[in-house]
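Contents: one structure, followed by commentary.
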2 protein chains.
Amino acid sequence: MTDQKNNLATRERILDAAEWLFMENGYEATSMRLITRAAAVNLAAVNYHFGSKEALLCEVFRRRLAWINQERLQLLDRLEQEANGSPLKPSQILEAFFGTLLRVGEDPALGGMTFLRLLGRTLTEPAEFVRSFFATEYAAVIERYKQALFRALPDVPRAEIVWRMHFMLGAMSYAIAGTDVIRVVTGHDVSDMAGEDEQGDEDGRMFARRLAQRLMPFLLGGLRAPLPSFDVPAVRHAHAASSIEDWATGGRTAAIRPPNQSEEMQQ
Amino acid sequence: MTDQKNNLATRERILDAAEWLFMENGYEATSMRLITRAAAVNLAAVNYHFGSKEALLCEVFRRRLAWINQERLQLLDRLEQEANGSPLKPSQILEAFFGTLLRVGEDPALGGMTFLRLLGRTLTEPAEFVRSFFATEYAAVIERYKQALFRALPDVPRAEIVWRMHFMLGAMSYAIAGTDVIRVVTGHDVSDMAGEDEQGDEDGRMFARRLAQRLMPFLLGGLRAPLPSFDVPAVRHAHAASSIEDWATGGRTAAIRPPNQSEEMQQ
DNA sequence: GATTATTTCAAACGTTCGTTTTAAAGTCAA
DNA sequence: TTGACTTTAAAACGAACGTTTGAAATAATC
């Protein structure tokens with residue numbers, strides 16, 4: 001077989017080009033001709049090696065997510081083993097889940113920031129085949145981490161934990177995918193961000209690390225925020241009218257905190 | 001003019017159809033023929049009334065964002081006027097900014113959940129014309145709120161506040177746009193969510209309200225989380241290896257809290 | 001009611017899309 | 001070297017895309 005010489009090189013070159021172009025332009029706006037030209041292969045090569053454009057996108061994700069989700073499961077295994085029996089701390093769980101992903105951003109060999117941005121953008125992709133692909137790809141990992149958080153926060157309603165997982169996923173995806181949004185929206189204020197054009201070998205590492213150290217406290221703070229009070233005052237908006245109090249202030253109930261430990265993060 | 005009878009009806013019918021289809025399929029995957037068929041107008045009507053497909057998308061946003069951002073500015077005006085001189089509480093600022101948007105989700109006349117989801121999805125849109133459109137559309141509002149947060153949290157580095165604004169925007173956008181993501185990813189666990197097919201008159205209101213009461217505490221908790229420590233230990237990942245401590249736990253520095261007030265949310 | 005302006009309509013424009021086809025080139029085992 | 005198999009290559013496929021055209025229909029102005 002020529003797999004070790006040219007075939008693999010062709011496949012890999014297509015995957016690399018597709019990963020970058022999908023990230024840059026989005027799936028629909030990236031044509032096969034653009035991809036194959038960037039990869040310096042024949043137009044028919046994608047259909048030959050992957051079958052279709054949809055299958056190509058899935059493969060772009062699979063080759064990265066396989067490592068990521070395996071790492072996530074292994075980390076959780078080890079943590080639970082070391083804790084032998086007692087529930088983990090939320091910070092450990094978050095670090096295992098999000099930290100793994102952020103570490104991918106630091107390592108171009110694992111996909112780097114290019115893949116992270118593509119992932120963030122694609123998670124909101126409306127296309128059906130994308131959604132069902134992610135569903136199967138993520139199912140096991142999410143279930144494990146969900147259960148771990150349930151154990152870590154036994155006094156918190158499970159529905160609430162699921163919601164906050166959702167919020168945390170969103171904050172991270174956006175933080176990664178929307179690098180331009182923060183620039184545009186904040187008036188190019190964050191001066192120490194990485195360049196977005198060149199795939200920034202060193203810039204990407206720096207960006208991922210800074211993002212990590214800023215994002216994790218935010219996520220933990222959100223996860224452990226006080227529960228909302230459940231008597232909802234029906235807020236009627238009044239076209240620049242009266243009521244600005246209510247649920248914005250959350251409830252006065254107990255803060256979310258792991259049961260038998262005080263956690264190192266106090267405020 | 002026929003603007004009051006048929007012309008406006010045509011324009012509006014196109015905008016409504018486009019809003020829904022862009023939300024459902026994304027911009028690129030929604031064709032002019034799909035839009036005009038759904039709106040029951042001639043294919044050429046979009047180009048006649050709006051000029052191009054891009055201009056149509058911009059108009060879809062403009063007719064909603066005009067109200068939203070005006071409301072945001074008015075709310076901030078009033079809050080600062082009532083506070084006469086002293087800085088606002090972070091919870092007030094967040095409620096004015098995010099609460100306005102979430103109230104749009106409750107009111108179909110303002111766009112409802114359909115528009116909110118479209119907004120969330122489009123903020124990560126790579127297309128250049130979309131980004132520059134949002135940049136000009138949001139510039140004034142973001143600047144005002146940024147300054148308000150700077151005043152509200154004078155002890156927090158400004159770059160940190162900007163980052164956390166970004167995280168909050170992301171959490172909310174995702175929470176709105178990724179309704180299917182949370183279902184798919186969590187195994188359809190959140191049982192009390194609104195339907196996603198029919199534009200759910202009453203469902204949409206309920207969903208937006210529940211989302212609001214769960215999201216706001218999360219955002220406040222994240223915004224006011226402890227600052228990260230700034231001596232970054234270079235975390236090397238080790239393919240299921242050693243280090244799981246470090247920045248996940250954040251720093252031990254003071255929590256972010258407005259200067260001269262204790263805030264009602266304690267944990 | 002005639003005239004002007006506005007809006008709708010069917011048809012076609014040229015381009016680009018993802019995919020397929022058919023043949024040539026390359027690779028490896030016997 | 002032969003023969004089977006894999007990979008590349010150029011060309012073409014039909015379909016769908018956003019947009020334009022020019023005439024018919026409708027509404028507004030005088």
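So you know, we letter chains A, B, ... as the sequences are listed, proteins then strands, and number each from 1. Values below: every heavy atom of this structure, side chains too, minus hydrogens, waters and symmetry copies.
Under the side-chain contact (heavy atoms from CB on, under 4.5 Å) test applied with B:F97, the options B:L169, B:L76, B:L102, B:L149 reduce to a single match, B:L169.
Ionic pairing of B:K146 and B:E143 is present here: one or more N-O contacts between side-chain nitrogen and carboxylate oxygen are shorter than 4.0 angstrom. The residues B:E59 and B:R64 are annotated as not salt-bridged, no charged nitrogen and carboxylate oxygen being separated by less than 4.0 angstrom.
The heavy-atom pair separating A:L56 from A:A18 by the smallest distance is CD2-CB, 3.9 Å. For the pair A:L57 and A:Y27, the tightest heavy-atom approach, listed with the atom from each and the gap, is CD2-CD1, 3.7 Å.
For A:T10 and D:dT7, the shortest distance from a side-chain N or O to OP1 or OP2 is not below 4.0 Å.
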Stepwise, does the salt bridge (charged side-chain N to carboxylate O under 4.0 Å, His left out) test hold for A:E125 with A:R131? CA-CA 7 Å; A:E125 179 78 30; A:R131 294 215 302 267; over 6 Å; no

Step by step, work out the salt bridge (charged side-chain N to carboxylate O under 4.0 Å, His left out) result for A:R103 and A:E95. CA-CA 10 Å; A:R103 248 167 278 129; A:E95 143 61 24; 2.6 Å; yes

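Distance, A:E12 CD to D:dT7 P: 14 Å, rounded to whole Å. Going from atom OH of B:Y48 over to atom P of D:dT19 covers 17 Å, rounded to whole Å. Residue B:L21 contributes atom CG, which lies 12 Å from atom P of D:dG18 at whole-angstrom precision. One interatomic measurement links the two molecules: CG of A:N47 to C1' of D:dT8, which rounds to 14 Å at whole-angstrom precision. Spacing between atom NE2 of B:H49 and atom P of C:dA5 amounts to 19 Å, rounded to whole angstrom units.
The backbone N or O of A:R72 lies less than 3.5 Å from no partner atom in the side chain of A:T100, so there is not a single donor-acceptor pair. No donor-acceptor distance shorter than 3.5 angstrom exists from the side chain of B:R117 to the backbone of B:M23, with no hydrogens or angles considered.
Inter-residue side-chain proximity for B:R78 and B:Q74 is flagged as unmet; no heavy-atom pair is nearer than 4.5 Å. A 4.5 Å side-chain heavy-atom check between A:R11 and A:F50 finds at least one atom pair inside the cut-off.
Residues from residues 25-36 of chain A that place a heavy atom under 4.0 Å from any atom of DNA chain C, listed by number: A:T30, A:S31, A:M32, A:R33. For the segment residues 37-44 of chain A, the set of residues with a heavy atom within less than 4.0 Å of an atom of DNA chain C comprises A:L43, A:A44, in numerical order.
Bending across the helix from C:dT8-D:dA23 to C:dA30-D:dT1, expressed as the angle between its end axes from five pairs apiece, amounts to 10° (10° rounding).
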